[in-house]
Number of protein chains: 2
Amino acid sequence: MGDDSTAAREPASRQLAQQLRDQISRGELAPGDRLPSERVMAEEHGIARNTAREAVRLLTDEGLVTAEHGRGAFVRARPRLMRFGQHRYSRKVREETGLSPFHAEVIAQALTPNATLDRIGRVQPPAHVAERLDVSPRTRSVVERVNWYFVDGEPVQIGTTYIPWEIAKATELASGDSLGAGDLYARFEDQGYAITYTREEVTARMPTRDEARDLRMPSGVPLLVVTHTGLDAQRRPFELTEFKMRADHSGLDYTMKVDD
Amino acid sequence: MGDDSTAAREPASRQLAQQLRDQISRGELAPGDRLPSERVMAEEHGIARNTAREAVRLLTDEGLVTAEHGRGAFVRARPRLMRFGQHRYSRKVREETGLSPFHAEVIAQALTPNATLDRIGRVQPPAHVAERLDVSPRTRSVVERVNWYFVDGEPVQIGTTYIPWEIAKATELASGDSLGAGDLYARFEDQGYAITYTREEVTARMPTRDEARDLRMPSGVPLLVVTHTGLDAQRRPFELTEFKMRADHSGLDYTMKVDD
DNA sequence: TAGTGGTCTAGACCACCAT
DNA sequence: TGGTGGTCTAGACCACTAT
């Protein structure tokens, strides 16, 4: 802060946190650098280790720093932000590359994508899914496909796709077999559902412990939750995917026409 | 957890946190309920107060609980989520209601909106703004308008709008006077810029201390950051607004046509 | 093995809120 | 005033990483 009378009223842990924040913003501590150890900072500032520890915690909660057990606390390097927009559903992209939207987007950024089908089954849809897909929530009437998405080997997104059973049955969409060229949306087109509109509902929240573990998320990183509904030319919904993305790796970028 | 061998390996603070999580998800602790005090939980579980405190902290970091100094720790009530979409820029909505996009949206949800112009000035645009507005970053060539948005008296969004000086000069856009009927986008239309396309870039991150204070954000709530660019029919950018929204109050809801 | 962060103890005092 | 969360101390042992 610089102002003595103000600083003196601040708890020691916050003063130390502010000092570290300043060093980071001035570049004295660069991304990837290790902070002094808690014990060292405690001794240097004449405070208890727990107080220094609290300072580091404040910074990890802000997403500025990540602590690694046994190694130290490091200034977070901002990974390249991948931006996903509505053109990931483009037919042209699909036909020209034969790739899924995710693969096309990641390759376009000169990184290495990978996706795996983690789980597939026939389930009762959650209420918000049933509502958007216009199916009954009380029957096992949708196929659920859980996909994990990786960039350079690191998991960055988990996508759960729900497809009405009437559409998916007797196709690769329900069987778990390879989806073939053009991936998911090409198979929908085979069934007469060409994706024409997409509704994207976006929220953010902190991950649960399980989500943080699955996506190897450092603390202080929120989850971006995108509920995507695929609609055909008649605006009939035929597919819903809920994406959970690490907000430090992924963002969204939509360009759309404004309603009249 | 229920599984002794697993639970025994979990630290006491996490075990207590999990127990509280379970009580919340079972409804035994309902939104708004106060948790037992740290001292009470410590005694009941035969642990130190700091250990019970750590359990509560884990829950606040997940956004499940908020602690209030001197009062207690409470199960967070999920406020109604407001959804903002591209129709907030609709000319029809504007002309029929005479309201700004924000006002129209909040009133539609039966809540009370309020917005104030906090600051206005002529500045050098930040690099990402200059790039998107296609103006030079080295001159004081954009008007910056900082608006605060309130729902039922609570601040929920801060929007910073940048307008090229050539467009804003000699209009209410630059003077800080009332914008009149139809608000911002009606004034752009006066200048020959009818909003036709909108580009919306969405990311999420934890708030800084200042942002958390300004928006009175409890810990464990991320910030949704939306960079909106307004484009006319020729896809010329004429305005950029960066919204910072409390992710627990606001979400986004876009429906758009998929690119060919 | 030495050094790091992760967890925990058993206290203490302060700041805030309700009564 | 008594109870709450917020901060702090001065230790301790454990779990993990690197050498």
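So that the names make sense, note that chain A is the first sequence line, chain B the second, and so on, each numbered from 1.
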Practice task
Could you tell me whether the side chains of B:His45 and B:Gln15 share a donor-acceptor contact shorter than 3.5 Å?
Solution key: no

Handout entry: Under the side chain to side chain contact (heavy atoms under 4.5 Å, CB included) test, residues paired with A:Pro36 that sit two or more places apart
Key = A:Val40, A:Met41

Handout entry: Touch class at under 4.0 angstrom, heavy-atom based, for A:Arg14 against every strand present
Key = sugar-phosphate

Exercise for the section: Starting from the 5' end of DNA chain D, give me the residue, B:Arg39 or A:Ile47, whose nearest nucleotide shows up first. Expected result: B:Arg39

Fill in the blank from the handout: Comparing B:Val40 with B:Arg53, nearest DNA chain D nucleotide closer to 5' gives the residue B:Val40

Practice task
Measure across B:Ala52 and B:Leu16 and return the closest heavy-atom pair with its distance rounded to 0.1 Å.
Solution key: CA-CD2, 3.8 Å

Practice task
Would you check, one step at a time, whether the test side chain to side chain contact (heavy atoms under 4.5 Å, CB included) holds for A:Arg216 with A:Glu154?
Solution key: CA-CA 8 Å; A:Arg216 306 205 220 305; A:Glu154 284 293 299; 4.3 Å; yes

Problem - Over all atoms of both residues, closest heavy-atom pair of B:Phe102 and B:Pro113 - result: CE2-CB, 3.9 Å

Exercise for the section: Decide yes or no for A:Leu223 and A:Met217: does some side-chain heavy atom of the first lie under 4.5 Å from some side-chain heavy atom of the second? Expected result: yes

Handout entry: Contact under 4.0 Å: A:Ser37 side-chain N or O vs C:dG3 OP1/OP2
Key = no

Problem - Nucleotide range of DNA chain D lying under 4.0 Å from chain B heavy atoms - result: D:dG3 to D:dT9

Exercise for the section: Check the side chains of B:Thr203 and B:Glu201 for a donor-acceptor pair under 3.5 angstrom, ignoring hydrogens and angles. Expected result: no

What nitrogen or oxygen pairs link the protein and nucleotides 15-19 of chain C at under 3.5 Å?
from: C:dA15; atom 1: N3; to: B:His69; atom 2: NE2; distance (Å): 2.8

Practice task
Scan side-chain atoms only and decide if B:Arg21 and B:Gln18 contain a donor-acceptor pair under the 3.5 Å cut-off.
Solution key: yes

